[in-house]
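Index from 1, following the sequence.
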Amino acid sequence: MLVTDEAGVKSSSSLYRGGSIFEEKEIIFARQLLSVQHLPLFSLIAAEEVVMDIYACISARLWHYIMKEANLLEHIRVFKNHFLLGRGELFSSFLALADQILRSPPNNNTEHDANIAFQQAVGEVVSADDETGFSFRVHISLPEK
């Protein structure tokens, strides 16, 4: 038996809507790099400062995209709750409802019946305002003849 997710993950992140990850600071960074390049003697400290400025800018933007716009914590919560059995009551309820179905040898109706039991378990356990956006389906393989 395998429970799979049929829906794709949607993201409204502006990272994919264009724009610059540098927050329009490319010119400033380019000037800083050129000033380091034109020093009479290469300065590792000056080069490291410019690289650290670029790193800090990119890190801050990526953190914003991942944590705020893509809502990573919500995605992690959904994975924990559904895939890592963080909400074990869902699978406990499913197993109670599908006990007789899963005890008998699989036939052509077993997968359909198991899916109905799973959807009933979801209805019992998952609140109506849970906006995970996932639809699950139970797959049961028939034995080879």
Residue pair I101 / I116, side-chain heavy-atom distance below 4.5 Å
no
Which heavy atom of A114 sits nearest a heavy atom of V138, and at what distance?
CB-CG1, 4.1 Å
Taking all non-hydrogen atoms of both residues into account, name the closest pair between A117 and F94 and its distance.
C-CD1, 3.9 Å
Flag yes if more than 12 heavy atoms outside I45 fall under 6.0 Å of its CD1 atom; otherwise flag no.
no
Would you give the length of the straight line joining atom CE of M52 to atom SG of C57, rounded to the nearest 0.5 angstrom?
12.5 Å
Evaluate the ring planes of F91 and F118, with Trp represented by its six-membered ring, and classify them as parallel (under 30°), tilted (30 to 60°) or perpendicular (over 60°).
tilted
Indicate yes or no for a side-chain donor-acceptor contact from N115 to the backbone of R137 under 3.5 Å, with no hydrogens or angles considered.
no
Would a hydrophobic clustering, with Ile, Leu, Val, Met, Phe, Trp and Tyr connected at side-chain separations under 4.5 Å, put V50 with F42?
yes
Kindly give the heavy-atom pair with the smallest separation between A46 and L39, and that separation in Å.
CB-CD1, 4.3 Å
Side-chain donor/acceptor of H75 to backbone N/O of A70, under 3.5 Å
yes
Identify the two heavy atoms, one from A121 and one from L97, that lie closest to each other, and give their separation to 0.1 Å.
N-CD1, 3.6 Å
Interatomic distance, NE2@H38 vs CG@L33, rounded to 0.5 Å, equals 10.5 Å
Nearest heavy-atom approach of L72 to M67 is CD2-SD, 4.0 Å
Is the charged tip of R31 near the ring of F29: under 6.0 Å from the six-membered ring centre and within 45° of its axis?
no
In terms of hydrophobic clustering (I, L, V, M, F, W, Y; side-chain heavy atoms under 4.5 Å; direct or indirect links), are I76 and W63 co-clustered?
yes
Report the C-alpha separation of T110 and D113 in whole Å, then their side-chain angles, then the decisive distance to 0.1 Å, and conclude whether the side-chain hydrogen bond (donor to acceptor under 3.5 Å, both in side chains) test is met.
CA-CA 5 Å; T110 304; D113 295 343; 5.9 Å; no
